[in-house]
Amino acid sequence: MINVIWLLLMASGIIYAGMNGRIEVVTASAISAAKSAVELAINLIGIMCLWLGIMKIAELSGLIKVISFVLQPIVGLLFPSVPKNHPAMGAIIMTISANMLGLGNAVTPLGIKAMQQLQTLNPKKCTATPAMCTLLALCTTGFTLVPATIIALRSAAGSVNPTEIVGPTLIVSLVATIFVLIIDRLCRAVFRR
């Protein structure tokens with residue numbers, strides 16, 4: 001479906017440029033956009049290496065364990081059906097930790113691993129459990145303390161102050177997370193199995 005949408009967007013742009021007699025703009029814009037995309041990707045390599053290195057240092061220094069220790073009681077309340085020492089609990093905490101550090105690229109594989117662990121606790125394999133729904137909701141809102149990926153993107157795009165996004169991101173992600181947790185609890189109460 002997404003390919004059809006892209007095709008329609010490109011075709012409409014080319015037809016519109018042709019109708020206005022400015023078809024050369026299409027070629028110039030396509031080449032310019034491709035060049036910008038490559039430059040942005042190369043700039044992101046260094047920044048992403050920096051943040052991934054910091055994440056690795058945090059893991060090796062034990063900071064991740066401290067975060068896990070702090071989050072354990074909260075996560076236990078959010079996921080009461082998951083046993084305390086089950087591997088799913090560790091995977092959930094790692095997913096939430098990566099979200100809090102704004103490492104969007106790291107959240108996806110950790111979230112998939114957490115879902116796989118939660119599936120081992122699922123008595124009905126074809127139906128998502130409430131814990132799975134809660135994890136998906138938390139990953140979607142993504143409470144973020146340090147939006148590292150957004151800072152990296154803004155920095156790579158030449159922003160004068162790439163960190164000015166920290167405050168609004170913190171407020172918006174906190175409000176969204178609280179709202180989604182309230183909705184999650186209401187849904188659990190209304191659609192109790």
For [X] against [Y], the heavy-atom pair lying closest together:
X      : Y      : answer
Val82  : Ala131 : CG2-CB, 4.3 Å
Ala176 : Thr141 : O-CG2, 3.6 Å
Ile150 : Ile165 : CG2-CG2, 3.9 Å
His86  : Leu121 : NE2-CD2, 3.4 Å
Ala98  : Leu110 : CB-CD1, 3.8 Å
Ile93  : Gln72  : CD1-OE1, 3.4 Å

Please check if the side chain of Thr120 supplies one atom and the backbone of Gln117 the other of a donor-acceptor pair under 3.5 Å.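 Between the backbone of Gln117 and the side chain of Thr120 there is a qualifying donor-acceptor contact (under 3.5 Å).
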
Please check this pair: side chain of Gln119 against backbone of Lys125, looking for a donor-acceptor N/O pair closer than 3.5 Å.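 Yes.
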
When rounded to the nearest 0.5 angstrom, what distance separates [atom1] in [X] from [atom2] in [Y]?
X      : Y      : atom1 : atom2 : value
Leu118 : Phe79  : CG    : CZ    : 7.0 Å
Leu145 : Ser173 : CG    : OG    : 7.5 Å
Thr127 : Asn122 : OG1   : CG    : 7.0 Å
Ile96  : Phe143 : CD1   : CZ    : 11.0 Å
Leu77  : Leu181 : CG    : CG    : 11.0 Å
Cys133 : Ile183 : SG    : CD1   : 13.5 Å

For a quick check under 3.5 Å, do [X] and [Y] share a side-chain donor-acceptor pair by atom type?
X      : Y      : result
Thr144 : Thr169 : no
Thr163 : Arg154 : no
Thr134 : Asp184 : yes

same_hphob_cluster([X], [Y]) at 4.5 Å side-chain heavy-atom cutoff:
X      : Y      : value
Ile182 : Ile74  : yes
Ile2   : Leu9   : yes
Ile178 : Leu186 : yes

Would you say [X] and [Y] make side-chain contact, with heavy atoms under 4.5 Å?
X      : Y      : answer
Pro147 : Val166 : yes
Thr95  : Cys139 : yes
Thr129 : Lys124 : no
Met132 : Met115 : yes
Gln116 : Ile112 : yes

Going through the checks in order, is the side-chain contact (heavy atoms from CB on, under 4.5 Å) test met by Leu78 and Arg185? CA-CA 9 Å; Leu78 293 175; Arg185 292 297 159 176; 4.1 Å; yes

I'd like to know whether Val180 forms a side-chain contact (heavy atoms from CB on, under 4.5 Å) with Thr140, so could you lay out the CA-CA distance, the side-chain angles of the two residues, the decisive distance to 0.1 Å, and finally the verdict. CA-CA 9 Å; Val180 81; Thr140 303; over 6 Å; no

